[in-house]
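Shown next, in structure tokens, is the structure this report addresses.
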Amino acid sequence: MNTTTMVPFVKWAGGKRQMLEQLYIRMPDTYNAYYEPFVGGGALVLSLAPEGAHINDINQELVHTYTEIRDHLDAILEKLMELDKVTCTREFYYDMRSSYNEKRLSHSYDTEMAALFIYLNKHCFNGLYRVNTKGEFNVPWNQKQSVRSMDMENIKAISAYLKSVTITCQDFEQALTEAKAGDFVYFDSPYAPLNPTSFDSYTKEGFTEEEHRRLAALFRRLTEKGVSCMLTNHNTELIQELYEGFLIEEIDVRRAINSDPKKRRGKEVIIRNYGEAIKPKRRTRKK
Ligand SMILES: C[S@@+](CC[C@H](N)C(=O)[O-])C[C@H]1O[C@@H](n2cnc3c(N)ncnc32)[C@H](O)[C@@H]1O
């Protein structure tokens, strides 16, 4: 499989960089259009750079940043270079966070806002994206004074690639209304909680048990249409129940975003409506 050197321009919760090898070996041999309706940092799409890709996310600021990288790269680079020349003290971080929030609250979705989005992602705690009920980004500073906000070659390559990509900001179901037989969809929704009683915290982010049921129903409809689908999630009872009858494989993954190192390893599943289970590699004993 041909892969690129492109990597996400943001650190994103649920990012799939640690799982890429497991995803590559499960991709369909051929497909027409490529869809990622929960793109986040886009680890898979960027590493494969498929032709005719459709990427989507409900996070408006993230999608705005993708489109600005595509359309106004030079202005973004200029702004980021200017920001990176300054030592990121506590005061400077919170000033930049306020500037970003002013833009967000006044709906000034411009190039500077996209540059600030990338800057804050690299200088905030754990690369989290969280807003309060007033809609203000409220993640604290990561206490690192000199972090580079971007890798110039990477962001240039992403900008060039995005010129041929369809980028949308809508609900996952709407993002797939045009998917046809022979197309491929990779679903990486927010996780189902390992502990079902913690669904409450997910509600705030808008991905409830109901949303997982809606996603599973869509997965079945796309299967009937002849669309190849691959989906990743936690290995929970709910997920096992929702995708019963499909190919479900358990994978051990290292998680980058978790403040507790003990929780960084977890069991996840890769679910497909095509192909066969990957046989575990046989260990050969040294003579
Ligand atoms: C687990 S992350 C995707 C991570 C991504 N694969 C990566 O490598 O970074 C899930 C994404 O789903 C988005 N999302 C949540 N609800 C959504 C919805 N109803 N429709 C579309 N996107 C949604 C979130 O904004 C988030 O970026």
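Just follow the structure's listing: the first ligand is 1, and inside any ligand the first atom is 1. Keep in mind it's a predicted model, so treat the numbers as computed, not measured. All residue numbers refer to positions in the sequence shown, counting from 1.
- Between F9 and Y66, a ring centre-to-centre spacing shorter than 6.0 Å is recorded.
- When K16, E36, E211 are checked for heavy-atom proximity to atom 8 (O) of ligand 1, K16 turns out nearest.
- Checked by atom type, the side-chain pair E268/Y191 shows a donor-acceptor distance below 3.5 Å.
- In terms of N/O distances under 3.5 Å, ligand 1 is not approached by Y186.
- Residue I58 has at least one heavy-atom neighbour below 4.0 Å for each of these atoms of ligand 1: 14 (N), 15 (C), 16 (N), 17 (C), 18 (C), 19 (N), 20 (N), 21 (C), 22 (N), 23 (C).
- Within ligand 1, the atoms closer than 4.0 Å to a non-hydrogen atom of P37 are 21 (C), 22 (N), numbered from 1 in the order shown.
- Using a non-hydrogen distance threshold of 4.0 Å, Q170 registers as a contact of ligand 1.
- Short contacts between ligand 1 and D171, defined as distances under 4.0 Å to a heavy atom of the residue, involve ligand atoms 18 (C), 19 (N), 20 (N).
- Annotation: F207 is in aromatic contact with F38 [ring centroid separation under 6.0 Å].
- In this structure, G42 has a heavy atom closer than 4.0 Å to ligand 1.
- Here's the thing with N56: none of its N/O atoms is less than 3.5 angstrom from an N/O atom of ligand 1.
- Centroid-to-centroid, the aromatic rings of F117 and F137 stay 6.0 Å apart or farther.
- No close placement of the F187 and F172 rings is indicated, their centers lying 6.0 Å or farther apart.
- Residue contacts with ligand 1: R214 is placed with no nitrogen or oxygen under 3.5 Å of a nitrogen or oxygen of the ligand (distance criterion only).
- Interface atoms of ligand 1 facing A13, defined by a heavy-atom separation under 4.0 Å, are 1 (C), 2 (S).
- Among the candidates E61, Q60, H64, the single residue satisfying the side chain to side chain donor-acceptor pair (under 3.5 Å) test with R104 is E61.
- Side-chain contact check for E136 and Y100: no donor-acceptor pair (N or O, by modelled atom type) lies under 3.5 Å.
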